[in-house]
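Keep in mind that the numbers below use all heavy atoms, side chains included, and drop hydrogens, waters and symmetry copies.
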Amino acid sequence: MHARVRNLISGCVLLLPLAAVLSPVLNAQTAPDDGPPNVLVIHREYLKPGKGGQLHERSESAFVHALADAKSPSHYFALDSLSGPSRSLFLFSYDSFADWEKQTAATSSNAALGAKLDQASLMDGDLLTGYDAGVMTLRPDLSLNKGSIDGARYFEITVFVVKPGHVHDFKELAKLYIDTYRKVAPQTHWDTFEVMYGSPVPTTAGGDVFLVFNLMKSLAETDKSIQDSDKFASELGATGMQKVSELTAASIQLSTTNLFVINPRESNPPSEWIKKDPGFWKVQ
């Protein structure tokens, strides 16, 4: 649902935008079209004013070169913020927590690689105001369809903080969106993850935290999502939108949506991605 639908519902924090917001974060450890990973780890770097752009890209290239020289199987891709605080996100995908542990152990046991990564971290740290990480698991029951990273250039990410004890209401709300969008815009897709460790929003009173992801080839897709939101509201009618309003008020404590652009110059994608889209992923 696009943020515009907020104008249709008064007096509540709206679940936004489950229509524009999300397609899958794809598993970088396997074939590029295999869908979202079971375990997603996101490293977040918050940049000092004026320390982004090429300065940060040069710093991040040290990590990419170190991993390439070591022929490391660890792959990730980077997102730079276009809204909200100046920051970069680095997304790592795993089949399981055991898989994450295995790859971490492999990196830690490589002394030469570890030394290069430590040196890169020292230089990169001079550009940052802060750093944190989050770990989340896929929720297929709260997701709709699958997309592809092929040709993707942008991410929309929406964070939902659910009121303690109201996950059931949140799930009912998500199901309402899923069922309705299957009717009015069946091509719509989003992937939902539940945070297990490291909340991406500062909150002391909230309950469970969910992230919804959308990949877009063009920002023109946002225009399309506005039209789909109108279809959503029309399909539900006044009674259905009242139900949306009630479930939203009952379950959502906080929601925020931000836009990011994929940065291949800060990424270490798998070879399959490079072969399919060398003009984008293969940085000269």
Side-chain angles (χ1 to χ4, degrees), residues 23-47 52 56-81 87-108 110 113-114 116-121 123-125 127-128 131-138 147-150 152-155 157 191 193 195-198 200 211 213-215 258 260-278 280-283:
S23 101
V25 177
L26 299 177
N27 189 341
Q29 307 303 320
T30 57
D33 294 326
D34 281 357
N38 294 321
V39 177
L40 177 65
V41 177
I42 301 180
H43 294 181
R44 297 179 285 261
E45 295 186 354
Y46 299 88
L47 301 170
H56 193 223
E57 289 176 358
R58 285 197 295 269
S59 175
E60 289 298 330
S61 68
F63 294 96
V64 175
H65 290 152
L67 293 168
D69 292 343
K71 295 181 172 54
S72 172
S74 178
H75 297 290
Y76 59 88
F77 63 98
L79 306 175
D80 288 338
S81 61
R87 63 208 184 280
S88 293
L89 309 184
F90 300 88
L91 282 66
F92 301 77
S93 354
Y94 303 98
D95 292 332
S96 64
F97 283 95
D99 182 33
W100 179 26
E101 180 183 37
K102 180 180 178 180
Q103 292 215 18
T104 301
T107 301
S108 300
N110 188 328
L113 174 59
K116 289 183 179 181
L117 294 178
D118 287 345
Q119 182 62 32
S121 297
M123 293 188 296
D124 196 48
L127 307 179
L128 309 181
Y131 165 90
D132 62 19
V135 184
M136 54 210 71
T137 56
L138 180 65
S148 172
I149 200 166
D150 291 344
R153 298 295 183 262
Y154 300 95
F155 264 65
I157 302 178
D191 284 290
F193 290 81
V195 174
M196 290 194 66
Y197 307 107
L211 272 69
F213 294 83
N214 180 46
L215 278 73
N258 280 292
F260 298 83
V261 60
I262 299 175
N263 190 335
R265 292 172 294 281
E266 298 178 356
S267 304
N268 185 38
S271 60
E272 294 88 351
W273 292 14
I274 298 174
K275 291 176 182 176
K276 295 197 72 170
D277 196 356
F280 180 71
W281 289 110
K282 191 172 183 179
V283 178

Discussion item. Please check this pair: side chain of Thr137 against backbone of Asn38, looking for a donor-acceptor N/O pair closer than 3.5 Å.
Written reply: no

Worksheet item: Side chains of Phe193 and Ile42: does their closest heavy-atom pair fall under 4.5 Å?
Response: no

Worksheet item: With sequence neighbours left out, what residues match Val135 under side-chain contact (heavy atoms from CB on, under 4.5 Å)?
Response: Val39, Val41, Phe97, Trp100, Tyr197

Worksheet entry | Asp80: side-chain hydrogen bond (donor to acceptor under 3.5 Å, both in side chains) partners, not counting sequence neighbours | Ser88, Asn263

Worksheet item: Hey, what do you get for CG (Leu128) to OH (Tyr46), rounding to the nearest 0.5 Å?
Response: 11.0 Å

Worksheet item: Arg265: what forms a side-chain hydrogen bond (donor to acceptor under 3.5 Å, both in side chains) with it, not counting sequence neighbours?
Response: Glu57

Item to complete: Please round to the nearest 0.5 Å and tell me the distance separating atom OH of Tyr94 and atom OG1 of Thr104.
Response: 5.5 Å

Worksheet item: Any idea which heavy atoms bring Ser267 and Ala78 closest together, and the distance?
Response: OG-N, 2.9 Å

Discussion item. Between Ser59 and His56 (side chain of the first, backbone of the second, donor and acceptor by atom type, cut-off under 3.5 Å), is there such a pair?
Written reply: no

Item to complete: Please name the pair of heavy atoms, one in Ala66 and one in Lys116, separated by the smallest distance, quoted to 0.1 Å.
Response: CB-CB, 3.8 Å

Practice prompt. Determine yes or no for a side-chain-to-main-chain donor-acceptor pair under 3.5 angstrom, with Asn258 supplying the side chain and Ser81 the backbone.
Written response: no

Worksheet item: What pairs with Asn110 under side-chain contact (heavy atoms from CB on, under 4.5 Å), at least two apart in sequence or on another chain?
Response: Ala70, Ala112, Leu113

Discussion item. Could you report the tightest heavy-atom contact between Ala152 and Leu215, atom names first, then the distance?
Written reply: CB-CD2, 3.6 Å

Item to complete: Check whether any side-chain heavy atom of Pro200 lies under 4.5 Å from a side-chain heavy atom of Leu211, and answer yes or no.
Response: yes

Response to the item:
Sequence neighbours excluded, the answer for ring-ring contact (aromatic ring centres under 6.0 Å, His included) partners of Tyr131 is His43

Response to the item:
Here the pair of heavy atoms bringing His75 nearest to Phe92 is O-CD2, 3.8 Å

Practice prompt. Nearest 0.5 Å please: distance from the CG atom of Asp150 over to the CD atom of Glu272.
Written response: 11.5 Å

Worksheet entry | Validation row: Leu89, Phe155 side chains within 4.5 angstrom (heavy atoms) | no

Fill in: Minimum heavy-atom distance between Gln103 and Pro73, given as atom pair plus value
OE1-O, 3.9 Å

Discussion item. To the closest 0.5 Å, what do you measure between CG (Leu40) and CG (Leu91)?
Written reply: 5.0 Å

Response to the item:
Between the OG atom in Ser93 and the CG atom in Leu138, the distance rounded to the nearest 0.5 Å is 11.0 Å

Worksheet item: How about Lys276 and Trp281: do any of their side-chain heavy atoms sit closer than 4.5 Å?
Response: no

Discussion item. Could you measure the distance from the CD1 atom of Ile149 to the CG atom of Asp277? Nearest 0.5 Å is fine.
Written reply: 9.5 Å

Worksheet entry | Candidate list Phe90, Trp273, Phe260, test ring pair (Phe, Tyr, Trp, His ring centres under 6.0 Å), partner Phe77, passing option | Trp273

Discussion item. Ser96: which residues meet the side-chain contact (heavy atoms from CB on, under 4.5 Å) condition with it, sequence neighbours left out?
Written reply: Ala98, Asp99

Worksheet item: Are Tyr76 and Phe63 near enough that their ring centres are under 6.0 Å apart?
Response: no

Fill in: Test item: Met136 and Val195 side chains (from C-beta on) under 4.5 Å apart, heavy atoms
yes

